[in-house]
Amino acid sequence: MKNKEIIKELSKKYDSFYLYDESVIDENAITLTGNFPDIEFLYSIKCNPNHNILKRIFSLDYGADAASSKEVEYALNYGLTKDKIYYSAPGKSITDIEETIDKSIIIADSINEIMKIQDIAQEKNISVSIGIRLNPDFSPSPSKFGIDEKAAVEFIQNTKLSNIKITGIHVHLKSQQLDNSYLSDYYGKMLGLSAKFKELLGHLDFINMGSGIGINYSANDKPLDIRALRDSVNIEFHKFKEKYPDTRLLIETGRYIACKSGIYVTKVLDKKVSRGKTYIILSNTLNGFIRPSLAALIKNGEAAEPLYTSSDAFQFLTTDERSAEEKVTLVGNLCTAADTIAEDVTLPSLEIGDVVIITNAGSYAYVLSPLQFSSQIKPVELYLTKDKEIRVL
Ligand SMILES: *Cc1c(COP(=O)(O)O)cnc(C)c1O
């Protein structure tokens, strides 16, 4: 085992801790840049915004894939320039846009958002370049991410924008691919899509092909064959660069860089036997590193109080009086499709600005939520007294 003595030494002091190994970060970072010379890589900060990791990865000439305005700020703090910071997330607020408009390249996630950015740029009397995230025709499904390709084409053909210029496209369909033929096929489609948008827009500063590069988690996973991928895509990348030398080719990656650099170390606090079954009690597991607990929970598929009760444990209400109903899917503004709270539910029809209430949130709610993820602004906890006074904790 790597770093065994260090881990033993550290665990004398700490019952549980994360340890990130810079040598692994370097190795992974260089594997990608070394094998794909026509690509500029962006590190997806949301996978791990640890200070030392960010410092290291940005010193290795990686740009930033930021999933919130806070992550744009992080990237700036490490000295990245605007053209190396790409801010992509659904549901950006006015404040998010105002804070990042002149510090990053914003990737608009919807047509509403393009117009929001346009309005803010106009107010500030500045001219900005933005990208748009697309849900391309070659993707098989509807998506909460991006603008459907057809709608984007129509928009570009029919809309005159005064203060913004669309200079790039972004697509990210599926993470954690281990099959190099899926990825090379995907990159090929992206180059085709880019040629189309280059034609349509007249110019294209960048195409951001998102992530997809996976890693072997399970002992049964066959690792992605990076060399085979390189051999099947580099000729196409190179041809594209020769034809469009002014268009930068970007790929985002989070887990490939950071995942295997880290271990979580915990300690046995107790050991007991109940009716022949032996339990090892460890320090800070669900609360220190939630993913292994989730794996056990999903596998068992049964109630796992208080993390999971049943599939219908929460109701979704709205304060609105509208009588029309609509079948909708409720999702959040994190950059992951896992951020879905209800699929195909029928609710009074909702509009931007409406309120949605989720019931049963007084216990095992705030305390069990991964509040750090994506460095989003945390929800506040308010208290209403009998005198109708609101207290902020
Ligand atoms: C989360 C995310 C990534 C990073 O994905 P990995 O699988 O960790 O490489 C890249 N791009 C976008 C748009 C993302 O939301």
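Everything numeric in this text was worked out from a predicted model, so none of it was measured. In listed order, ligands and their atoms are each counted from 1.
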- Between Asn180 and Asp225, a side-chain donor and acceptor under 3.5 Å: no
Between the protein and ligand 1, which nitrogen or oxygen pairs come in under 3.5 Å, and how far apart is each?
from: ligand 1; atom 1: 7 (O); to: Arg255; atom 2: NE; distance (Å): 2.7
from: ligand 1; atom 1: 7 (O); to: Arg255; atom 2: NH2; distance (Å): 3.3
from: ligand 1; atom 1: 8 (O); to: Arg255; atom 2: N; distance (Å): 2.9
from: ligand 1; atom 1: 8 (O); to: Arg255; atom 2: NE; distance (Å): 3.4
from: ligand 1; atom 1: 9 (O); to: Ser211; atom 2: OG; distance (Å): 2.6
from: ligand 1; atom 1: 9 (O); to: Gly254; atom 2: N; distance (Å): 2.9
from: ligand 1; atom 1: 11 (N); to: Asp65; atom 2: OD2; distance (Å): 3.4
from: ligand 1; atom 1: 11 (N); to: Glu252; atom 2: OE1; distance (Å): 2.5
from: ligand 1; atom 1: 15 (O); to: Lys46; atom 2: NZ; distance (Å): 2.8
from: ligand 1; atom 1: 15 (O); to: Cys335; atom 2: O; distance (Å): 3.2

- Message: Can you confirm whether Lys103 is buried at NZ, in the sense that more than 12 heavy atoms of other residues, nucleotides or ligands lie under 6.0 Å from that atom?
- Response: yes
- Query: Got more than 12 heavy atoms from elsewhere within 6.0 Å of CD1, Ile390?
  - Reply: yes
- Row check, Tyr78 ring normal vs Lys55 NZ/CZ: under 6.0 Å, within 45°: no
- Query: Hey, does the Lys NZ or Arg CZ of Arg133 hover above the aromatic six-ring of Phe145, less than 6.0 Å from the centre and inside 45° of the axis?
  - Reply: yes
- Query: Side chains of Tyr308 and Ile298: does their closest heavy-atom pair fall under 4.5 Å?
  - Reply: no
